[in-house]
Each structure stands twice: as structure tokens, then as C-alpha cells.
Peer 1: 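Okay, here's the structure, questions in a sec.
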Amino acid sequence: MTHIFLYGPPGTGKSTVGKKLAHNLKLPFIDLDRVIETNAGMPISQIMEQQGELTFRDLESTALRNLLNEKESVFALGGGALLRDENRNIAESNGKVLLLMAELSTLLERLHYEAGNRPLLAGDLHEKLTSLLSKRAEHYNSFPMLIHVDGKTAEQNAHHAQVVLGRHHLSAMGEYDAIVGQVSNLANFPMQNPILVTDENVAKFHLEKMQALLQAKAIIIPAGEEHKNLETISRMWKAFLENGLDRKSTVIALGGGVISDMAGFASSTYMRGINWVGVPTTLLSMVDASLGGKTGFDLPEGKNLIGAFYPPKLVLADPQLLGTLPEAELISGMAEVVKHGIISDPELFNLCLRGLDWVKANLEEVVKRAMAVKIKVIEEDPYEKGIRAALNLGHTVGHAVELVSKFKLRHGEAIAIGTVAEAKYAARVGLAGDGLVEAVTQSFKSLGLPVQIPEAMPREEIIRAMRVDKKKNVKAIRFALPVEIGKVELVEVTDLESVLE
């Protein structure tokens with residue numbers, strides 16, 4: 001059980017943000033101070049006045065211990081609740097502590113009308129608050145997960161909390177959680193008759209451990225995009241039958257985007273739909289392919305031409321699994337991370353400019369931020385009727401280039417090439433400035449990704465592949481074109497030759 005504890009000085013909005021966070025994650029919300037008051041039958045100010053701070057702290061410790069048996073919840077803690085080592089150990093052993101912090105001026109403004117209800121701040125508010133922050137500075141600074149709440153709404157701070165925690169609840173297309181955490185947590189997820197679907201490459205590193213953890217059977221398929229076809233899907237269906245899967249069984253997709261696409265599609269059609277869980281093992285899959293419920297397989301004419309929207313019951317991304325990923329695949333996955341930065345997270349885009357060494361040292365932050373971008377978009381537009389098409393940035397050209405290369409180019413390499421080509425087109429038609437093209441090009445180069453269509457690749461074949469692309473409509477193809485870092489526009493294009501000039 002992993003509780004979430006919001007902690008920090010008085011006035012940081014722990015209760016307000018906590019309620020929003022609990023709502024977003026579909027979890028119960030518990031305000032520890034209100035529980036103490038209910039148990040004591042009097043307000044905290046009266047407890048402190050009549051019985052003293054020591055008694056209040058004892059009541060606080062008792063209430064915290066008693067509440068740990070509740071189902072997974074979001075807790076708002078009092079500003080000194082974790083000063084006792086005992087309480088801190090309880091919280092950190094049973095969940096994650098997220099510290100909310102604000103500037104003194106922000107706290108004074110928020111607490112101006114509340115000081116009378118806060119015994120430790122009675123009297124000269126500025127003096128008392130300054131003294132309290134000074135005494136607790138070392139204590140507060142010892143918590144690694146931090147959010148500065150200044151200048152942001154409760155909704156913005158709750159979303160930031162989700163990014164920092166690496167935890168989201170999706171509900172626009174089926175209800176499921178997407179979590180960045182240790183794969184061992186999967187053992188606590190309810191599953192009947194689970195079966196792992198993975199490929200030959202992933203099986204070498206992770207299958208034995210996963211089978212022991214889940215007591216699950218396994219299906220191993222050949223690795224590579226060239227096997228993302230109906231033949232492999234048929235092989236999965238037969239294996240499901242042979243292993244006795246019924247409508248209550250769960251398929252676990254252990255691998256990259258090819259695995260999640262195919263295992264998800266096979267699950268969507270077997271016995272008219274059974275549960276599946278995504279355990280991505282590549283960066284590309286963690287931040288993109290495993291999220292959103294898009295499943296399917298390729299035809300010789302193009303990628304993902306057959307498919308269905310069929311969300312998983314859980315996506316659990318463990319950045320530690322990336323330790324066995326070849327560097328070339330890690331670099332490939334970073335193309336989608338950069339794309340997400342371009343779409344709506346300028347800070348993520350700027351972090352990518354620091355290069356591959358920074359990425360390797362900060363994989364958890366990379367996964368959390370990039371995952372949050374995609375989730376925000378797909379929750380607003382689950383069935384790609386509008387803004388979700390922004391996620392196709394770089395993919396109209398990129399998919400075509402990938403197909404014409406006969407998949408010799410990795411997916412991320414093709415998307416990097418496609419994104420630069422589409423950025424250049426956006427600049428030519430006046431949507432974007434040259435500075436954007438330079439920034440986008442530099443971001444991919446700093447990560448070791450290609451930025452130009454290979455000279456030997458026939459342009460007419462690329463255009464033909466673009467016309468077959470699943471994103472076409474009758475008269476034109478809709479492109480997601482970058483306008484600035486953090487903003488994309490959807491544009492209908494009829495003259496595809498001009499995109500490749």
C-alpha cells in the first residue's frame with residue numbers, strides 16, 4: 001500500500017492541493033488535523049491551550065498510526081507532523097512524502113486571516129512564522145520530493161504533484177492508473193491466470209524474474225517491427241487458448257511499443273476482450289506507446305493500419321528496467337521525449353538540450369515528465385478527434401521514412417528526421433520562425449539522433465507512404481506542426497511534395 005503524504009509549512013495549501021490530488025487519482029483524502037479534532041472533540045487551538053503541544057503531538061502520532069490501515073489515500077499533514085522520527089519513519093515506510101514549500105511573502109499573505117486559529121503563530125505573525133521556518137529549515141530541506149507552490153493554482157500544483165510522484169489516473173477511455181515505480185509493485189495488482197507476452201530480446205533479461213514474481217506463464221515472440229503483423233497476432237491467440245485463458249485472465253505486455261501494441265490488440269479481440277497490463281521496458285514505450293490505449297499491427301502498406309482503442313488496466317513503468325536497454329534504443333526513445341517537450345513542456349525540451357549524459361543520470365525525471373505530457377493530451381482527447389493529433393508531430397513524415405527504410409531506421413530516428421522536416425515546413429509557410437528549426441535540430445543532434453532524410457531514399461516513395469498513412473482524410477493530410485516550443489498547430493496539407501523540399 002502506497003499512501004501519499006503532503007507535508008510542509010502552514011499556509012502551503014496542503015489540504016486544498018491534497019483534495020485536488022485525491023480527486024485526480026480517485027483516492028480518498030484524509031486531513032490529519034481534522035481527524036485529530038474529531039477524535040478529541042475540540043479544535044487544535046483548544047487542545048494546545050488546555051493540554052499543551054506535547055499532548056497534541058501524542059494525539060498526532062496516534063492518529064497517524066491508526067490511519068495507516070485505511071486503503072491507499074492522500075494525507076494532508078500538519079506543518080510539524082513529521083518532526084518526530086517515529087512519525088517520519090511511519091510515513092516514509094508506508095508511502096511517499098511530498099513537501100510543499102512557498103516564499104515567506106506567500107505564506108504571510110495566505111495566513112493573514114488564519115493566525116488566530118494556529119496556536120504556534122499567535123501574536124506577531126511575521127516574527128512567529130519567520131522563527132518557525134528558521135527552526136524547521138533543516139528538517140524541511142531533508143525531504144527530497146519538493147514542490148514550490150508560489151504563483152500557481154491548486155489545480156496546477158496538484159498536477160505538478162502527479163508529475164513529481166509519477167502517478168496518474170486515466171478515465172477518458174476506461175479507468176486505469178499509469179505509475180512510475182518499481183516493477184515489484186505489480187505483485188500487489190489483482191490478476192487471474194496471468195500470462196506474460198514478451199520478445200526474445202527482453203526475455204533474456206527480465207522474463208525469469210517476472211515469472212517468479214507473478215507466477216505467470218509466458219509467450220515469447222520474435223523481436224522487431226517486421227514481426228508486428230497478423231501472423232504474430234494469430235500466434236498469440238492460439239497461445240492464449242492453449243494456456244487456458246478465459247475472459248477473467250490478464251495479459252501482461254512486457255516489452256517495447258511493438259509488444260504493447262500487439263498484446264493489447266490480441267487482448268482486445270480474444271473472447272471479445274480480456275484485461276491487459278503494460279510493463280514497458282523501453283524508453284519509447286514508457287513515454288508513448290504503452291499509454292493511450294491505441295493497439296494494433298502493421299500491413300505491408302503502412303504502420304498500424306489495423307488496430308483498436310483498447311486501454312490497459314494498468315501501466316507500470318520502472319526506469320530501472322532501462323538499465324539493460326542498448327544505448328541506440330535509449331537514444332531512439334529520446335525522440336519522443338523531445339517531441340513531448342515541443343508539444344507542451346518547454347522545460348522538458350530544455351532539459352533534453354543537456355545531452356545524453358544528463359539523460360542517463362536522470363531517467364526517472366525524463367520518464368515522469370514525458371509521460372505526463374502524453375497523459376494530459378490523451379485525457380483531453382482520447383479518440384483523436386482533435387488536440388490528440390498533436391502527438392503526431394514528426395510522425396507523418398517519420399512513419400513514411402521508417403517504412404521506406406524497411407525499418408533499418410529505428411522509430412525514434414525516423415521521428416527525429418520527420419520532426420525536423422515538419423519544423424522546416426512550418427517555417428517555410430510562416431507558422432514558425434527559423435529559431436525554432438535551429439532549436440529543434442540542435443536538440444536531436446545533442447542526443448545523437450539524425451536530422452535529415454537519407455539522400456538515397458526516394459522522395460516519391462516517401463510521399464506515397466505518407467498518402468497511405470492512417471492520418472489522411474479525403475482531400476488532405478493533417479499535420480501537427482510546431483509553432484513554438486510548447487505549442488503545436490494542426491494544419492491540413494494537400495501539397496505533400498512541398499513538405500519534403
Side-chain angles (χ1 to χ4, degrees), residues 26 169-179 183 185-200 202-203 206-207 210-281 285 288-299 302-317 378-379 382-384 470:
K26 298 295 187 290
H169 182 84
L170 291 84
S171 56
M173 184 210 303
E175 301 269 341
Y176 66 100
D177 287 337
I179 299 172
V183 76
N185 293 333
L186 197 61
N188 301 320
F189 187 76
M191 290 184 284
Q192 290 188 33
N193 192 24
I195 190 165
L196 287 151
V197 177
T198 192
D199 67 33
E200 298 161 327
V202 176
H206 304 300
L207 182 58
M210 290 294 293
Q211 283 192 284
L213 176 69
L214 303 173
Q215 299 301 301
K217 303 164 187 174
I219 302 167
I220 302 174
I221 64 173
E225 183 84 30
E226 63 271 25
H227 298 289
K228 188 181 176 182
N229 51 37
L230 181 57
E231 182 182 348
T232 306
I233 295 289
S234 297
R235 180 173 167 182
M236 287 186 192
W237 287 327
K238 290 176 183 176
F240 292 172
L241 279 170
E242 289 167 0
N243 285 283
L245 268 64
D246 58 26
R247 296 197 69 183
K248 294 182 179 179
S249 301
T250 299
V251 174
I252 303 162
L254 176 68
V258 171
I259 290 293
S260 64
D261 277 1
M262 288 198 295
F265 183 80
S267 300
S268 76
T269 44
Y270 182 76
M271 294 191 174
R272 295 191 175 93
I274 63 174
N275 291 343
W276 73 285
V277 167
V279 183
T281 59
S285 186
D288 187 61
S290 67
L291 299 164
K294 289 169 75 171
T295 69
F297 60 92
D298 302 340
L299 294 180
K303 285 171 60 71
N304 301 320
L305 291 176
I306 307 298
F309 286 101
Y310 192 72
K313 292 299 179 184
L314 171 71
V315 175
L316 180 61
I378 61 180
E379 281 293 275
Y383 294 102
E384 202 170 325
K470 63 186 181 303

Peer 1: Just so I know, are the side chains of L170 and I378 near enough to count as touching, which here means a heavy-atom distance under 4.5 Å?
Peer 2: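 Yes, their side chains come closer than 4.5 Å.
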Peer 1: Would you please indicate yes or no on a ring centroid separation below 6.0 angstrom for F265 and F297?
Peer 2: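 Ring-ring flag for F297/F265: true, centres closer than 6.0 Å.
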Peer 1: Which pair of non-hydrogen atoms, one from A308 and one from S268, has the smallest distance, and what is that distance?
Peer 2: CB-OG, 4.2 Å
Peer 1: Please round to the nearest 0.5 Å and tell me the distance separating atom CD of E226 and atom OG1 of T232.
Peer 2: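 Atom-to-atom, E226:CD and T232:OG1 are 9.5 Å apart.
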Peer 1: Looking at every heavy atom in both P280 and L316, which two are closest together, and how far apart are they?
Peer 2: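 Closest approach of P280 to L316, heavy atoms only: CD-O, 3.3 Å.
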Peer 1: So, taking the atom named CG in L299 and the one named CG in N229, what distance separates them when rounded to the nearest 0.5 Å?
Peer 2: 9.5 Å
Peer 1: Donor-acceptor pairs under 3.5 Å, side chain of residues 210-219 to any protein atom, not counting sequence neighbours: which ones?
Peer 2:
{"from": "Q211", "atom 1": "NE2", "to": "A216", "atom 2": "O", "distance (Å)": "2.9"}
{"from": "Q215", "atom 1": "NE2", "to": "A212", "atom 2": "O", "distance (Å)": "2.9"}
{"from": "K217", "atom 1": "NZ", "to": "N243", "atom 2": "O", "distance (Å)": "2.9"}

Peer 1: Taking only residues two or more places apart in sequence or in another chain, which ones pass side chain to side chain contact (heavy atoms under 4.5 Å, CB included) with D298?
Peer 2: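 With neighbours one apart ignored, the set is E225, K228, K303, N304, F407.
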Peer 1: Listed by chain and number, what are the ring pair (Phe, Tyr, Trp, His ring centres under 6.0 Å) partners of F189, not counting sequence neighbours?
Peer 2: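 None.
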Peer 1: Could you tell me whether the side chain of R247 and the main chain of M271 form a donor-acceptor pair under 3.5 Å?
Peer 2: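 Answer holds: yes.
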Peer 1: Determine whether T250 and N193 satisfy the following criterion, side-chain contact (heavy atoms from CB on, under 4.5 Å), listing intermediate values before the conclusion.
Peer 2: CA-CA 6 Å; T250 299; N193 192 24; over 6 Å; no
Peer 1: Return the minimal non-hydrogen interatomic distance between V258 and G224, and the atom names on each side.
Peer 2: CG1-O, 4.2 Å
Peer 1: Is a side-chain N or O of E200 found less than 3.5 angstrom from the main chain of P222, in a donor-acceptor match?
Peer 2: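 No, the answer is negative, given that no donor and acceptor are paired below the 3.5 Å cut-off.
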Peer 1: Under the side-chain contact (heavy atoms from CB on, under 4.5 Å) rule, what do L254 and V202 come out as? Steps first, then yes or no, please.
Peer 2: CA-CA 8 Å; L254 176 68; V202 176; 4.0 Å; yes
Peer 1: Determine which pairs satisfy ring-ring contact (aromatic ring centres under 6.0 Å, His included) with at least one residue from residues 215-257, sequence neighbours left out, and list them in order.
Peer 2: F240-Y270
Peer 1: What closest approach, in Å, do L196 and L207 show between heavy atoms, and which atom pair accounts for it?
Peer 2: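 Minimum heavy-atom separation between L196 and L207: CD1-CD1, 3.9 Å.
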Peer 1: To the nearest 0.5 Å, what is the distance between OG (S290) and CD1 (I259)?
Peer 2: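 Reported to 0.5 Å precision, the distance equals 13.0 Å.
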Peer 1: Rounded to the nearest 0.5 Å, how far does CD1 of I252 lie from CG of L186?
Peer 2: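 Going from CG on L186 over to CD1 on I252, the span is 5.5 Å.
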Peer 1: Testing the basics here: between S285 and G257, what is the closest heavy-atom pair and its distance to 0.1 Å?
Peer 2: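 Answer, listing the atom of S285 first, then G257: CB-N, 3.6 Å.
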Peer 1: Write out all pairs satisfying side chain to side chain donor-acceptor pair (under 3.5 Å) with one or both partners inside residues 169-178, taking only residues at least two apart or from two chains.
Peer 2: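 Applying side chain to side chain donor-acceptor pair (under 3.5 Å) to every pair that reaches into residues 169-178, excluding sequence neighbours, yields H169-E175, H169-D177.
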Peer 1: Decide yes or no on side-chain contact (heavy atoms from CB on, under 4.5 Å) for K294 and D261, but give the supporting numbers first.
Peer 2: CA-CA 7 Å; K294 289 169 75 171; D261 277 1; 5.7 Å; no
Peer 1: Does the T198 side chain pair with the main chain of I220, one donor and one acceptor, at a distance under 3.5 Å?
Peer 2: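 Not at all, since once roles are kept as given, no pair shorter than 3.5 Å links the two residues.
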Peer 1: Show your reasoning for whether side-chain contact (heavy atoms from CB on, under 4.5 Å) applies to F309 and M173.
Peer 2: CA-CA 8 Å; F309 286 101; M173 184 210 303; 3.4 Å; yes
Peer 1: Determine whether a donor-acceptor pair (N or O, by modelled atom type, separation under 3.5 Å) exists between the side chain of Y310 and the backbone of I274.
Peer 2: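 Side chain of Y310 to backbone of I274: a pair is present.
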Peer 1: Mind checking what makes side-chain hydrogen bond (donor to acceptor under 3.5 Å, both in side chains) contact with D288, not counting sequence neighbours?
Peer 2: K374
Peer 1: About how many Å separate CG of L230 and CZ of R235, when rounded to the nearest 0.5 Å?
Peer 2: 14.0 Å
Peer 1: Nearest heavy-atom pair of L291 and A178: which atoms, and what distance?
Peer 2: CD2-CB, 3.9 Å
